[in-house]
Amino acid sequence: MRLLGTASLAALAGMIAATGAAAQVGAQDGNGDDIVVTAQQRNETQVIRGGQIGILGDKPASDVPFSIRSYDSTLILNQQPQTLGQLLENDPAVRTTYGFGNAAELFVIRGFPLFGDDVGLDGLYGITPRQLVAPELYDQVQVLNGASAFLNGAAPGGSGIGGSVNLIPKRAGATALTRATANYTSDGHVGGAVDVARRFAGDAIGVRVNGAYRAGDVAVDGEFRRNAVIGGAIDYDGGALRLMLDGAYQRVRVNRLRPKVTIATTAIPRVPDARANYAQDFTYSVLRDVFGTAKLEYDLAPNAMIYAMAGARDGAEDGIYGGITVTNAVTGAGNGTALYVPRTDNNEAVQAGIRVKLAGGGITHEFNIGGNRSWQVNRNAYDFRYGTSFAGFATNLYDTPQAALPASLLVGGDLDDPFPVARTRLGSAFASDTIGFADDRVLVTAGLRLQNLSYRTYSYADGSLSPGSYDEDAVTPVAGIVVKPAEGVSLFANRIESLAQGPVAPVSGVDLTTGATLPIINAGQALPPYRSVQYEAGGKLAVGRFNASLAVFRTRRPIGQVSADEAAPGFLRFGFFGQQRHQGVELSVDGEIATGLRLIAGGSYIDATLRGTTDPAANGNRAPGVARWLGNANAEWDVPFLRGLTLTGRVVHTGDQKVDVANTLTIPDWTRFDLGARFVARVSDTPLTFRFNVDNVANRRYWASAFDSFNQALLQGMPRTYKASVTVDF
């Protein structure tokens with residue numbers, strides 16, 4: 001399979017050379033030269049400073065007291081990411097890991113988790129596929145750093161404390177589009193994509209259809225992935241009335257996913273070979289989602305608009321997930337486990353509001369008033385296929401034997417027809433006012449959102465209502481200010497909160513004083529929703545095609561822990577004890593720093609500290625899985641002496657991470673280098689774009705992440721990966 005990568009590289013070089021000659025001939029004709037130049041400019045990778053700021057609507061970054069940036073479809077096309085996590089590697093505040101044993105990406109923003117369940121679709125929660133997201137369907141991926149309970153409402157999955165991600169579907173633009181792409185990823189993952197857009201009826205009606213299919217082994221030995229996605233959008237622009245309808249289908253299969261590695265040793269095991277796979281052959285994940293949104297906007301007057309939107313998702317998952325726990329760091333010996341989980345989700349969400357702009361006496365107001373509601377039903381069951389005990393079966397990190405699928409040890413729910421085990425209903429009403437002074441050079445935003453969180457859990461044994469349920473109300477305010485002292489300069493500050501579901505008390509826990517495992521007296525009880533308060537201040541600069549932003553922030557989050565129950569000796573009580581405090585600084589720059597030279601770069605420093613916990617020895621320690629230093633730099637250079645050729649390079653750096661609360665285990669920092677090139681040629685007045693990228697050029701082996709919601713677990717970084725594609729715009 002490695003020979004396939006070399007052969008593909010040689011074939012690609014031959015195609016570039018051949019079409020390059022055609023382009024040189026065409027360059028003698030001014031029209032042909034214009035085609036190449038225009039196509040090259042359209043392929044420039046860039047960051048959009050702004051996006052959808054929740055209920056405030058689409059805003060430029062300079063007008064809001066928050067940190068936001070958007071990555072567009074050109075970046076997706078050029079870098080060829082296969083998942084949302086691979087795209088977000090461009091962001092200096094975001095890192096990606098996996099969930100427990102399955103192909104579920106989990107995003108870490110400012111050191112806090114963002115679950116796939118809590119990625120928004122055009123401003124609605126619960127509609128995006130929850131495990132893996134195919135980037136080909138989306139026109140923009142918007143990243144908002146910081147808490148957003150007022151802007152977006154409480155995230156139904158209980159995450160999003162450090163930031164949020166919102167996806168904007170592709171819709172027809174002003175220019176007709178007919179595009180076809182063929183792609184290859186080592187070691188045998190091939191596929192293609194089509195994207196067609198047209199406008200009709202005097203440009204009032206737009207239609208866009210795009211889809212992609214890819215299948216085959218990836219660079220990790222024996223890991224197979226297959227993606228099939230198709231999306232369609234119809235929009236109507238009648239001036240005052242605008243309608244949008246988006247729908248999509250996504251089906252993903254992953255076989256032999258290389259799992260995270262749980263650490264049950266006093267030392268960190270050495271990193272296996274970069275391509276090594278310690279998964280079992282019986283592991284797989286199948287994910288199927290049908291989802292969509294409908295949106296209406298109507299201008300009551302030039303300064304007043306009402307809007308309404310609704311979305312729904314029908315999702316199904318099925319898989320046997322594998323895990324490995326290393327018990328000997330030297331030999332790599334450990335235990336393997338298997339877990340079968342069938343699951344379905346049925347989610348709906350609605351939102352409506354009115355936005356009014358008023359001006360008088362040198363002061364402007366922008367009012368936002370409205371509400372939203374979401375309903376989610378999760379049906380699932382589980383089958384712990386561990387064999388004779390919870391220890392599982394013998395395996396090895398460095399020389400993994402293949403085992404037969406173990407027998408069932410513990411079953412919960414109906415495996416053949418899962419019944420509901422959780423129902424979530426979230427609702428809110430919101431109101432805000434952005435007041436502008438001095439020709440809007442000073443903008444003050446204040447608002448309140450009254451939220452209701454209703455969470456019902458049901459017994460896996462018989463479907464009866466369990467104690468882990470609540471119905472709570474909360475008010476989440478926001479206050480922010482923007483000051484523009486000079487053209488292109490914007491200073492900002494905000495106080496905003498996040499709101500999340502409280503964790504559910506487990507059955508047992510470890511007494512930190514004696515080390516004994518004791519029962520928890522309030523097992524199954526759900527703690528009430530909790531808030532995290534964020535303070536942030538910074539500045540933004542825009543000069544021509546160059547942008548920069550700097551922000552400092554502090555966020556506190558309560559920690560769910562166990563403590564001895566004085567009223568019940570021999571028992572523990574689960575509750576909020578202690579805090580996790582994250583504070584730091586972020587720098588981000590992007591744009592054209594010289595003619596033909598573009599940069600997307602940034603870095604962050606995060607001090608994530610445990611405070612006031614039930615374990616005095618842990619107070620003051622670093623939070624596990626949170627690196628202090630993160631850095632990214634992505635550069636593009638249009639070669640001046642060979643028109644149509646662009647060279648690219650990227651570096652990604654992550655600092656060392658603590659693995660355990662006691663801070664006795666640490667994984668070292670790592671730096672990865674990626675290189676690439678793309679070439680635009682003209683064939684019969686049709687632009688063709690060839691791309692070739694190499695991720696992890698040095699094939700470095702490294703532990704990429706120690707972040708995990710439940711265990712001491714490590715995720716290994718991807719090996720050297722070749723990516724090639726060719727796109728033709730008809």
Side-chain angles (χ1 to χ4, degrees), residues 51-56 59 61 64-69 91-95 107-115 118 120 125 142-155 157-166 428 430 432 434 443-451 453 474-482 490-502 529-540 549-559 576 578-588 602 604-612 623 626 628 630:
Q52 190 178 88
I53 318 292
I55 64 171
L56 300 182
K59 299 286 185 182
V64 293
F66 310 105
S67 298
I68 186 170
R69 53 200 165 273
D91 197 293
V94 183
R95 290 297 182 263
F107 312 108
V108 183
I109 307 178
R110 290 186 173 177
F112 293 111
L114 174 69
F115 303 144
D118 295 336
Y125 281 136
Q142 302 172 341
V143 181
L144 175 69
N145 285 6
S148 60
F150 169 78
L151 298 171
N152 300 316
S159 65
I161 295 172
S164 60
V165 174
N166 186 47
S428 71
F430 54 81
S432 72
T434 297
L443 298 167
V444 178
T445 299
L448 294 173
R449 187 189 284 255
L450 173 62
Q451 309 202 51
L453 291 80
V475 176
T476 53
V478 65
I481 184 171
V482 174
S490 176
L491 308 177
F492 73 96
N494 69 65
R495 182 202 182 275
I496 193 170
E497 299 179 358
S498 64
L499 181 65
Q501 296 179 14
Y530 64 89
R531 308 182 202 189
S532 298
V533 180
Q534 169 194 285
Y535 295 92
E536 182 181 16
K540 303 164 189 175
S549 64
L550 179 70
V552 294
F553 62 90
R554 171 179 286 186
T555 305
R556 286 189 173 95
R557 183 192 77 167
I559 303 174
F576 287 126
Q579 288 185 337
Q580 194 168 314
R581 186 201 66 190
H582 291 203
Q583 58 186 12
V585 58
E586 296 170 344
L587 172 66
S588 177
S604 68
Y605 171 81
I606 303 175
D607 175 23
T609 306
L610 304 176
R611 302 162 63 89
V626 182
R628 281 182 171 165
L630 301 177

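All heavy atoms count here, side chains included; hydrogens, waters and symmetry mates do not.
- Residues that satisfy the side-chain hydrogen bond (donor to acceptor under 3.5 Å, both in side chains) test with Asp118, not counting sequence neighbours, are Ser159.
- Residues Gln579 and Arg611 have side chains that never bring a donor and an acceptor to within less than 3.5 angstrom of each other.
- Side chain to side chain, Glu536 and Ser67 meet the donor-acceptor criterion of an N or O pair below 3.5 Å.
- Proximity of Ile606 to Phe553: side-chain heavy atoms (C-beta onward) are separated by under 4.5 Å at one or more points.
- Between Leu151 and Arg449 the shortest side-chain heavy-atom distance does not fall below 4.5 Å.
- Among residues two or more places apart in sequence or in another chain, the ring-ring contact (aromatic ring centres under 6.0 Å, His included) test is passed with Phe112 by His582.
- A heavy-atom distance below 4.5 Å is not found between the side chains of Thr555 and Arg557.
- Not counting sequence neighbours, the partners of Tyr535 by the side-chain hydrogen bond (donor to acceptor under 3.5 Å, both in side chains) test are Arg495.
- A donor and an acceptor atom, one from each side chain of Ser498 and Gln534, are nowhere located under 3.5 Å apart.
- Taking the side-chain hydrogen bond (donor to acceptor under 3.5 Å, both in side chains) definition, one finds that Thr434 meets it with Thr445, sequence neighbours left out.
- Rounding to the nearest 0.5 angstrom, the gap separating the CD atom in Gln52 from the OG atom in Ser164 is 10.0 Å.
- With sequence neighbours excluded, the residues that form a ring-ring contact (aromatic ring centres under 6.0 Å, His included) with Tyr530 are Phe576.
- Expressed to the nearest 0.5 Å, how far CD of Glu497 lies from CZ of Arg556 amounts to 13.0 Å.
- Partners of Arg581 by side-chain hydrogen bond (donor to acceptor under 3.5 Å, both in side chains), not counting sequence neighbours, listed by chain and number: Asp607.
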